[in-house]
> 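This is the structure I want to talk about, given as structure tokens.
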Amino acid sequence: MKWPYKDLLDVDMLSVDEANRIFDAAESFMEINTRSVKKVPTLKGKSVVLFFAEPSTRTKTSFDVAGKRLSADTFSLAKSSSSLTKGETLKDTVLTLQSMNPDAIVLRDSRSGAAKFIAERLNCAVVNAGDGWHAHPTQALLDAFTLRRAWNGEFEGKTLLILGDITHSRVARSNVHLLTTLGVKVRVCGPRTLLPPRMETWPVEVYTNLDEAVTGVDAVMCLRLQLERQQDGLLPDLREYARTYGLGMRHVELMKPHAKILHPGPINRGMELSSEIADMADSLILDQVASGVAIRMAVLFLLITRKD
Ligand code: CP
């Protein structure tokens with residue numbers, strides 16, 4: 001069956017069956033990533049532009065690796081080395097890139113809605129690699145895929161806590177949508193100043209007390225403080241934040257045995273979680289990175305081959 005969508009802009013466009021189709025494709029690509037020769041000819045002759053107007057380590061590198069492992073040609077453009085710095089608009093930049101006939105453009109931009117804006121103007125596939133506070137669909141897909149593997153495919157009956165700066169987090173928004181769609185009960189916890197308005201419309205349980213929030217959970221996803229997106233005055237003191245909302249070993253006692261720890265990265269050890277937690281056996285932080293390559297291979301494969 002053909003993949004129905006030209007673009008991947010957020011997870012809210014995906015049904016459970018479509019998410020599972022991405023996971024099943026990613027599962028087969030996980031195997032390729034363990035071979036001594038990690039390359040298949042699936043996307044030979046196709047080209048993917050990686051246009052990252054915001055910094056990235058994991059997302060950009062893993063899309064690059066994903067494309068190359070499928071034999072696509074990948075081309076990178078950063079904001080600092082692009083003509084955006086000379087006043088060219090995003091629209092003119094991507095129309096310029098499209099004239100070189102890529103099969104997909106992967107875009108990260110600080111403006112919410114940037115990926116949708118260009119997807120409506122381009123014929124090639126557009127993948128949202130993070131747009132402002134709005135969405136980070138491949139992050140949510142790789143997080144759910146990592147949990148699917150850790151929980152042997154069982155999402156129903158599981159409870160996951162998302163902890164930290166919820167307001168400024170596109171990861172939280174995409175994860176809440178996807179995980180609740182898959183049947184996970186989601187809690188969120190953070191200081192009131194970092195919880196978005198109208199949280200009562202989100203399908204989550206809201207906490208401001210971390211001890212209460214972690215009690216009995218199957219997994220905790222810690223979030224980085226998005227200081228680059230915050231206004232002054234939301235947090236009186238970072239050390240106080242770390243003391244009140246940093247995940248430490250004492251919280252592990254309150255969770256279910258072998259509860260999993262996730263973090264989309266980049267992590268700030270000693271801020272949103274302790275080093276001991278980041279490195280413990282039940283931490284899935286590096287598994288998330290490995291899943292990220294396979295999920296991005298699956299997304300590029302489904303979008304680029306849908307018309308072949
Ligand atoms: N999780 C994530 O998006 O990380 P990068 O900013 O390093 O891509």
Side-chain angles (χ1 to χ4, degrees), residues 8-11 22 26 48-69 74-82 104-115 126-147 150 160 162-179 188 190 194 219-230 247 260-269 271-273 277-278 283-300:
L8 178 65
L9 302 180
D10 197 1
V11 286
I22 295 175
V48 178
V49 174
L50 309 173
F51 182 21
F52 278 64
E54 266 195 338
S56 166
T57 296
R58 278 146 287 269
T59 313
K60 182 164 180 282
T61 310
S62 60
F63 266 114
D64 199 5
V65 170
K68 287 187 165 84
R69 289 202 175 151
T74 62
F75 305 90
S76 292
L77 183 64
K79 182 177 182 180
S80 57
S81 56
S82 77
I105 294 183
V106 179
L107 176 76
R108 171 169 287 189
D109 197 277
S110 60
R111 290 162 290 190
S112 298
V126 173
V127 183
N128 182 3
D131 61 332
W133 308 2
H134 172 237
H136 196 347
T138 56
Q139 181 68 46
L141 285 163
L142 76 88
D143 292 337
F145 179 66
T146 306
L147 287 168
L160 174 137
I162 303 180
L163 170 63
D165 180 358
I166 311 295
T167 297
H168 303 94
S169 177
R170 55 197 176 206
V171 174
R173 281 177 181 74
S174 290
N175 261 300
V176 165
H177 191 92
L178 184 60
L179 290 172
V188 300
L194 296 181
V220 180
M221 180 183 294
C222 300
L223 298 177
R224 184 176 66 85
L225 279 177
Q226 308 263 308
L227 295 174
E228 72 276 25
R229 300 189 210 285
Q230 288 182 13
L247 196 71
K260 304 303 177 197
I261 306 299
L262 297 97
H263 193 308
I267 64 174
N268 290 298
R269 291 170 186 262
M271 179 60 69
E272 56 264 14
L273 79 178
I277 298 255
S283 166
L284 299 178
I285 294 171
L286 293 178
D287 301 74
Q288 289 172 269
V289 179
S291 296
V293 174
I295 283 289
R296 286 160 181 143
M297 288 170 85
V299 167
L300 291 177

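Whatever order the structure lists them in is the order used to number ligands and atoms, beginning at 1.
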> Establish, from distance only, whether the side-chain atoms of H136 and R108 form a donor-acceptor pair under 3.5 Å.
yes
> Could you work out, with side-chain hydrogen bond (donor to acceptor under 3.5 Å, both in side chains) as the rule, every residue matching D131, not counting sequence neighbours?
N128, H134
> Any N or O of Q139 that comes nearer than 3.5 Å to an N or O of ligand 1?
yes
> For ligand 1, which atoms sit closer than 4.0 Å to a heavy atom of T57?
5 (P), 7 (O), 8 (O)
> Is a donor from one side chain sitting under 3.5 angstrom from an acceptor on the other, for T146 and D287?
no
> Around atom 6 (O) of ligand 1, find the nearest protein heavy atom and jot down its residue, atom name and distance.
R108 NH1, 2.9 Å
> Run the contact test for G265 against ligand 1 with a 4.0 Å cut-off on heavy atoms, strictly below, and give the result.
yes
> Determine, using heavy atoms of E54 and all atoms of ligand 1, whether some pair is separated by less than 4.0 Å.
no
> Quick one: nearest non-hydrogen protein atom to atom 2 (C) of ligand 1, plus distance?
T59 OG1, 3.5 Å
> According to side-chain contact (heavy atoms from CB on, under 4.5 Å), who are the partners of R173, at least two apart in sequence or on a separate chain?
W133, P196, W202
> Between K60 and D64, does any side-chain N to carboxylate O distance fall below 4.0 Å?
no
> Quick check: does P264 get an N/O under 3.5 Å from an N/O on ligand 1?
yes
> Atom 4 (O) of ligand 1: which protein heavy atom is closest, and how many Å away?
R58 NE, 3.1 Å
> Test Q139 against every option in V11, V171, I295 by the side chain to side chain contact (heavy atoms under 4.5 Å, CB included) rule and name the one that passes.
V171
